[in-house]
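See below for the structure under consideration.
Atoms within each ligand, like the ligands themselves, are counted from 1 in listed order.
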Amino acid sequence: MTSAQQSKRAQVKVIYSAEQIQARIKELGKQISKDYSGVDKPVVIGVMKGAICFLADLLREVKIDQPMQVEFVRLASYGAATESSGTVQAPYLDLPNLYQRNIIVVEDIVDSGRTAHFFMNYLKDQFDPKSLKLACFLDKPSRRAVEFTADYVGFTIEDLFVIGYGLDYNENYRELPYLGEYTP
Ligand code: IMP
Ligand code: MG
């Protein structure tokens, strides 16, 4: 191991192992499969970049009798910091017409709630969805600035800055297969 790798490791404390994450996603997949059985053409919207791992794993645990559509948007509220910036940016927001569809938004984490609140309202305004739910890998309810309750939550965590499994610090560490607490 190089010294750069060592210092990378030294700052990270594992919160959920890859195995724990996969086990929880199987449970969520079962729940969603049950709730969406018989629901017409669900469309999943992944919020980039943080949702990459969660979306890819969760999708493959959802077993319903209909094909699913997958779309992406890119939203950001953090920038290069460990504190939410307070404004939501949408660097990529190019969706097809999803009028009256059954939409499931997939997010990495609901923290202040601003991103989720913004995007759910945007979808309601644009597409008047038949149903609209949000699945997040993580929920940090102690940090809410805007009221928001997710429909499906992987894990509820304390007020920690976490990385891995899609989540970044300054665009690093998304590749880790586990969730770790990062101390800058
Ligand atoms: P919110 O708008 O404050 O709810 O924040 C949502 C976004 O902030 C998430 O999609 C993440 O990209 C980022 N974020 C919030 N908490 C963390 C964290 O602990 N680690 C990494 N990114 C985070
Ligand atoms: Mg981020």
Quiz item: Looking at Asp108, which atoms of ligand 1 are within less than 4.0 Å of one of its heavy atoms?
Solution: 9 (C), 10 (O), 11 (C), 12 (O)

Exercise. Check whether any N or O atom of Leu167, backbone or side chain, sits under 3.5 Å from an N or O atom of ligand 1, and answer yes or no.
Key: no

Practice problem: Check each heavy atom of Leu160 against ligand 1 and say whether those closer than 4.0 Å belong to the side chain, the backbone, both or neither. | Solution: backbone

Quiz prompt | Pairs where residues 49-61 contributes a residue and the test salt bridge (charged side-chain N to carboxylate O under 4.0 Å, His left out) is met, not counting sequence neighbours | solution = Lys26-Glu61, Lys49-Glu171, Asp57-Arg60, Glu61-Lys63

Quiz item: Side chain or backbone of Ser112 under 4.0 Å from ligand 1, or both, or neither, by non-hydrogen atoms?
Solution: both

Quiz item: For atom 7 (C) of ligand 1, which candidate among Ala116, Gly166, Ser77 provides the closest heavy atom?
Solution: Ser77

Quiz prompt | Proximal ligand 1 atoms for Lys140, defined as those under 4.0 Å from one of its heavy atoms | solution = 16 (N), 17 (C), 18 (C), 19 (O)

Quiz prompt | Step-by-step side-chain contact (heavy atoms from CB on, under 4.5 Å) determination, Tyr36 to Met68 | solution = CA-CA 11 Å; Tyr36 282 80; Met68 304 204 348; over 6 Å; no

Self-check item: Arg143 contact mode with ligand 1 (heavy-atom cut-off under 4.0 Å)
Solution: neither

Self-check item: Greater than 12 external heavy atoms within 6.0 Å of Glu158's CD
Solution: no

Exercise. Please report the C-alpha distance between Gln66 and Val39 in whole Å, then the side-chain angles of each, then the deciding distance to 0.1 Å, and finally whether the side-chain contact (heavy atoms from CB on, under 4.5 Å) criterion is met.
Key: CA-CA 8 Å; Gln66 297 221 18; Val39 170; over 6 Å; no

Quiz item: Looking at CD1 of Ile157 and CG of Leu179, how far apart are the two atoms once the value is rounded to the nearest 0.5 Å?
Solution: 6.0 Å

Self-check item: Atoms in ligand 1 flagged as close to Ile109, the criterion being non-hydrogen separation under 4.0 Å
Solution: 6 (C), 9 (C), 10 (O), 11 (C), 14 (N), 15 (C), 16 (N), 23 (C)

Practice problem: Indicate, as side chain, backbone, both or neither, the part of Val162 found under 4.0 angstrom from ligand 1 when only non-hydrogen atoms are considered. | Solution: both

Practice problem: Evaluate the side-chain contact (heavy atoms from CB on, under 4.5 Å) criterion for residues Asp128 and Gln100: first the C-alpha distance (whole Å), next the side-chain angles of each, then the deciding distance (0.1 Å), finally the verdict. | Solution: CA-CA 5 Å; Asp128 185 24; Gln100 292 258 308; 3.0 Å; yes

Quiz item: Between Val70 and Ile25, is there a shared hydrophobic cluster once you connect ILVMFWY residues whose side-chain heavy atoms come closer than 4.5 Å?
Solution: yes

Quiz item: Can you tell me how far the CD1 atom of Ile45 sits from the CD atom of Glu71, to the nearest 0.5 Å?
Solution: 7.0 Å

Practice problem: Heavy-atom contacts with Glu107 under 4.0 Å: which atoms of ligand 1 show up? List them by number with element. | Solution: 10 (O)

Self-check item: Qualifying residues under ring-ring contact (aromatic ring centres under 6.0 Å, His included), relative to Phe118, sequence neighbours excluded
Solution: none

Exercise. Could you tell me which atoms of ligand 1, counted from 1 in the order shown, lie closer than 4.0 angstrom to a heavy atom of Thr115?
Key: 1 (P), 2 (O), 5 (O), 6 (C)

Quiz item: For ligand 1, is any non-hydrogen atom under 4.0 Å from Asp111's backbone (N, CA, C, O), its side chain (CB onward), both, or neither?
Solution: both

Quiz item: Under 4.0 Å from any heavy atom of Arg114, which atoms of ligand 1 are there?
Solution: 2 (O), 4 (O)

Quiz prompt | Gly50 touching ligand 1 at heavy-atom level, < 4.0 angstrom | solution = no

